[in-house]
Amino acid sequence: MTTPDLPTQYAPADVETRSYERWVAEGYFTADVGGGGEPYSIVLPPPNVTGVLHIGHALDHSIQDVLIRRARMRGHQTLWLPGMDHAGIATQNVVERELAKQGLSRHDLGREAFVERVWQWKEESGGRILGQMAKLGDSVDWTRERFTMDDGLSRAVQTIFKHLFDDGLIYRAERIINWCPRCLTALSDIEVDHSDDEGELISIRYGEGDASIVVATTRAETMLGDTAVAVHPSDERYAHLVGTMVELPLTGRMIPVVADEHVDPSFGTGAVKVTPAHDPNDFEIGRRHGLPSLTIMDERAVVTAHGPFQGLDRFEARPAVVAALRAEGRIVAEKRPYLHAVGHCSRCKTVVEPRLSLQWFVNVQPLAKAAGDAVRDGRTRVHPPELAKRYFDWVDDMHDWCISRQLWWGHRIPVWYGPEGEVLCVGPDEEPPPGYTQDPDVLDTWFSSALWPFSTLGWPERTPELERFYPTTVLVTGYDILFFWVARMMMFGLYAMDGETPFRTVALHGMVRDQFGKKMSKSFGNVVDPLDWIERYGADATRFTLLRGASPGSDVAISEDWAAGSRNFCNKIWNATRFALLNGATVASPLPAPGDLTVADRWILSRLHTVIGAVDTAYEDFEFAKISDQLYHFAWDEVCDWYVELAKIQIAEGGDRAERTRVVLGHVLDALLRLLHPLMPFVTEELWRALTARPSVVVASWPALDASYADPAAEREIVAVQELITEVRRFRSDQGLKPGQRVAARLSLDGSALAAHEGAMRTLLRLDAPGPTFSATARLAVGTSAVELDTAGAIDVAAERKRLDKDLAAARKEAAQVAAKLANEQFMAKAPDDVVTKVRARAAQADADIARLEAQLAALPTG
RNA sequence: GGGCGCUUAGCUCAGCGGUAGAGCACUCGCCUUACAAGCGAGGGGUCACUGGUUCGAACCCAGUAGCGCCCACCA
């Protein structure tokens, strides 16, 4: 047994990097594909190479690390696979911004040089992220780190694209898509954020006299591209106009009035201008009625239509068009401000422009159906279950997925076009014929992320990793990307892996917020940088703070104070172990037989196993807050506050008692450190090694629940001791007796089991044997046990009277309440027996308390 | 416009049918030799509101108000 000279305060920085490097060097985190144990695998949701890890990542990683570390301790063959995402548009934007600082655009560099530049950036940024993961303590298998654009994953992308293409699930079509006029690319629905923006609803008269019709719009400039007006088929107001032509103002063009079910007769005037090239609904109306599509804006949303508006940006064109219409007396009404939902590019916040263009799509119908069914029939469990509904809403009503992006950073679409317009999808080992040119676009970044659970394991090759670790055991991620990402992994996983789901369980956590429940944002200045906390409070405290707030699917509020509290907890564990080491606690000897243990020993062992059971249960439900809470209170309130104090007394006895106490103490701390290790890997490693002289708690076994340690009698007895001690302490505090001041006392423990604790109680309460005379006494009782204190005339009668009065009032109130219950016939008739028994016991207790308190009050000296 | 959730101590939350809890903050007393990043004691809540079910409701049901989140092609 080594007893290193531990400092009195835990200094995280001293141990963290040292431990981490050793863990990696020892290969503790490396999955052994051929090894024993049930597989337990997690793929890390790959952070974007853009930027650095934020506190939300710290939560996400902490949860996964907790799960994987516990699984490792339980003897599973674990794999936690790390990696990063190339994050197409996000990364390209970041690098473009860097270039802009030098006054360059990506076009100045050219495609090849630009992509090279992004790769450089990826190397730097990626390295930073890996360093952060090490600081957090992530026990990932570094030998299997992947990147969504590495060779293997690119091959997987190309392979699945080819399969989908050949199955007719990928197609190219001219559709209205979301277009970002700043990024100059198509966006999928989920890359568009909607917000209620202020606009102006303008009513415009088309046509003249009886043949005129009033339409309402928030986007007046698009009228230049109108090719019809639509009304509801059953709208009698306009029945006479359907089939006729009206004149489109400013252009002189004649456009038809058509009848379409989509129009809501109760909104506005009940008549809708139809711009098929610039509105998704209008596009559908146009298609149904064979209307032409007239594109009036270019890719930068600059008006290209002939006339005075040509060359104006859409936001300049709008007032210009309105002014021109007003000049012609066409404006019938204006409503301002008018709030309506407007889509913004999720990357650059530019207002998205619906745009008619030729893009690649995935036909999601069959894939989404399978993805829904897998959760519906329980092959994949969503946790918490309430969130499954959101998942269903999404997959059951999913639009086809636009996967082409007019970007340079990403997986190039593996389709080549021949000189005669041939279209050829090229597989990973195929070469396109000469004279063919490749599609210039790249794939949506989520396309490669969707393959992550199997592409990282070697797919399309049937590697041993894939065989062993797919489906992965659990996916841990925030509820915010339940459909961004999870639904897509489900779709592609089921498709590529012959109907096998990518994960058995999806465990969703919430977002990290500040102490007031506010979202963290740079502009608000409430962002927490995990590295900052790690530096000041340690990685363990940072993790513990996050985990303490982590209930399935709910947001986590954190603050500086709580980080400090967690740091204090680390310190508490540190000092408890330090005490144990200084007092010769040992794990070398087996636990003595129960008959050789004291009540206190049996109590703490009973509590330990209760906690093991509770923690194991909480793990089943991913209740990290409960796990943390259980261990926190057991460690602090029971082990430190009571058992350590009782152990001091037992050790002072010397002999066998001391020896056995050292064994129990060593045993309890050993188990506690192992239970805490997944949550706080660094401090537990340092302490466990010191305590056990073994190499690493990382590969120690998880404490096994042993119900034979359950000892309700010991628990009751210690609780009674605690209550009596608390009562006496309260008296001392109320009386203003200094903690160290010794008081003479007679203990009336009724010859009950508590009599055995007299010595301990005298020590903990600083009570001496009674002196020969009593000038003033106080009798304190809990249940049938009592302590009589001789305060040598120093008793503060007023304080004591106040205290007793208060207790008496409480007891009387309790007695009245309970009596009312017992007098209630219906309660007596209908309440279950155990409830009635409890109430009776409370009544008896209350009566006894009243009698006792009244006697004490009567015995108080007057004046 | 749909859907979901929340409202419990100053703050963040747990409890989800039988005596209102935790952490932090607050008050008082203590350097009681593992720990002052600590120890002991204490104060603080008509569990949003209104009805209903029940012997009994913070907990179940209905409605009201406020807050939040997600989804959405009503011009």
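In what follows, chains carry the letters A, B, and so on, assigned in the order in which the sequence lines appear, proteins first and then strands, with residues in each chain numbered from 1. These numbers were taken from a predicted model, which means no experiment stands behind them. All heavy atoms count here, side chains included; hydrogens, waters and symmetry mates do not.
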Selected nucleotide, minimal atom distance to Lys572(A) side chain, candidates A34(B), A72(B), A75(B):
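Within the option list, the nearest is A34(B).
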
Which nucleotide, in any strand shown, forms a Watson-Crick or G-U wobble pair with C11(B), with both distances under 3.5 Å?
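Paired with C11(B), as far as the under-3.5 Å criterion goes, is G23(B).
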
When both hydrogen-bonding distances must be under 3.5 Å and the geometry is Watson-Crick or G-U wobble, what is G5(B) paired with, if anything?
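The answer is C67(B), by the H-bond criterion.
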
Pairwise [atom1] distance for [N] and [M], with rounding to whole Å:
| N | M | atom1 | result |
| --- | --- | --- | --- |
| A57(B) | G51(B) | P | 14 Å |
| G42(B) | G23(B) | P | 13 Å |
| C61(B) | C67(B) | C1' | 23 Å |

Compute whether any side-chain donor of one residue and acceptor of the other, for Asp226(A) and Tyr206(A), lie under 3.5 angstrom apart.
yes

When we call it a touch if two heavy atoms are under 4.0 Å apart, what does Asp480(A) touch: a base, just sugar-phosphate, or nothing?
nothing

Mind checking if Lys813(A) touches a base, just sugar-phosphate, or nothing, with heavy atoms under 4.0 Å?
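Result for Lys813(A) = nothing.
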
Indicate, yes or no, whether a donor-acceptor pair under 3.5 Å links the base of A41(B) to the side chain of Arg729(A).
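Under the 3.5 Å cut-off, the side chain and the base do not form any donor-acceptor pair.
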
Distance-only donor-acceptor test, Lys738(A) side-chain atoms vs C30(B) base atoms, 3.5 Å
no

Measure from [atom1] on [X] to [atom2] on [N] and round the result to the nearest Å.
| X | N | atom1 | atom2 | value |
| --- | --- | --- | --- | --- |
| Asp629(A) | G23(B) | CG | P | 9 Å |
| Asp561(A) | U12(B) | CG | P | 13 Å |
| Asp260(A) | A75(B) | CG | C1' | 13 Å |

Tell me whether the count of non-hydrogen atoms from other residues, nucleotides or ligands lying under 6.0 Å of CZ in Arg237(A) goes above 12.
yes

Check for me whether Arg803(A) meets the cation-pi criterion with Phe731(A), that is, NZ or CZ under 6.0 Å from the six-membered ring centre and within 45 degrees of the ring axis.
no

Could you check whether the rings of Trp636(A) and Tyr632(A) sit parallel, tilted or perpendicular, using 30° and 60° as the cut-offs?
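If you compare the ring of Trp636(A) with that of Tyr632(A), the planes turn out tilted.
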
